[in-house]
Amino acid sequence: MRNKKQFLHVAVLAVIIGIATGAIAYWGEWMPEPATREAGRTWFLIWLTTIVCIVIFAIVAAAIVYAVVMFRRKPGDDEDGPAIHGNTKLEIVWTIIPTVIVVALTVVAAVVLHQNSNAGPKPEKIEVTAQQFAWTFKYENGVQTGILNIPKGRHVELWLTSLDVLHSFWVPEFGQKQDTVPGQTFRLVITPTRLGTYPLICTELCGLGHAVMRTSAVVMEPADYDKWLAEQGDKLAPKAAADNPAEAGKAVFTNNGCAACHAFAPAGATGKVGPGLDDMSAAAKAAGQSLEDYIRESIVDPNKVVPKGYPANVMPPTFASLPKDQLDALVTYLANGKEG
Ligand code: CUA
């Protein structure tokens, strides 16, 4: 009779603790709202695990609190507690229950992993290259950008690699992280479900500019994405670049993510990590070079002349590998910035 009452008390206590813990879990802003199908599945798994943990925590905490309060040593009571030997039934129960829970969670996790790596029959393939300290994204038609553009509702297959050290690809709203390793290529599938612009962050300490190694992932309507990709392809075609160098220069500037670090009025760029690019004639003069030569050298060999107040080794030297027509277009575009 007395046992039954004690169980009831512990059960009520467990419900109260469970509700309190659940409220903290539910109303705490632990994670952003998922923006991909993969993140949705991962969130489901996280919540399932959290609920299981809350139930176990509530039962254990209730039993402990009850025991501490009700079975305290009375003043003057110096006797030993009762000697307890094994309880086979209890041991079987507390082995089987956790085993079932862990196996069940493992099965659910395996299903989620399997679904999250399924890219469907015709995914959008994008090559992601990390380098100190920038991201570049190369699309199937050869267009290269510094901002990741992806279509809503389609499977996107990212192939990630690094040119120098370890980096790590992370968009919090996409719910997945992937390290990039020089000499190896890793695959990551994302299926955006929500339009918007999300931060894309390097989450592996990779050197002096690690903190600035960020850009954006933009989820677009599929039709807008197709149109944008085709337009970029046309703009970067050598003939179009020759016809309209300013447009081509702007496309190179935007696509390579220059705006993330530099301010440049004609492109509407307001980055503050690197020096402003609006009028470099004074700097060119100080370096004893023509404006165009100075700009070209600063892109190809950024550490040769580092403007005062800015650290060296932050600007990636790899823009030297831009195709020559794109580099020319960029230099002209920046040199004309004053009038632009
Ligand atoms: Cu790349 Cu941190």
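Whatever order the structure lists them in is the order used to number ligands and atoms, beginning at 1.
Of all protein N/O/S atoms, those under 2.8 Å from atom 2 (Cu) of ligand 1 are Cys202 SG, Glu204 O, Cys206 SG, His210 ND1, and waters are not counted.
Applying the side chain to side chain donor-acceptor pair (under 3.5 Å) criterion to Asp226, with sequence neighbours excluded, gives Arg154.
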Report, one line per pair, each donor and acceptor closer than 3.5 Å where one atom sits in a side chain of residues 202-222; sequence neighbours left out.
unit_1, atom_1, unit_2, atom_2, d
His210, ND1, Glu204, O, 3.0
Thr215, OG1, Gly146, O, 2.7

Acceptor/donor pairs from residues 78-95 side chains to any protein atom, 3.5 angstrom cut, sequence neighbours excluded:
unit_1, atom_1, unit_2, atom_2, d
Asn87, OD1, Lys89, N, 3.3
Asn87, OD1, Leu90, N, 3.2
Thr95, OG1, Glu91, O, 2.7

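Two residues are said to be in side-chain contact when any heavy atoms from C-beta on lie closer than 4.5 Å; Tyr139 and Leu148 meet this criterion.
Each of Val55, Ile56, Thr49 was scored for a side chain to side chain contact (heavy atoms under 4.5 Å, CB included) with Val52, with one residue passing: Ile56.
Two rings, from Tyr333 and Phe264, have their centers less than 6.0 Å apart.
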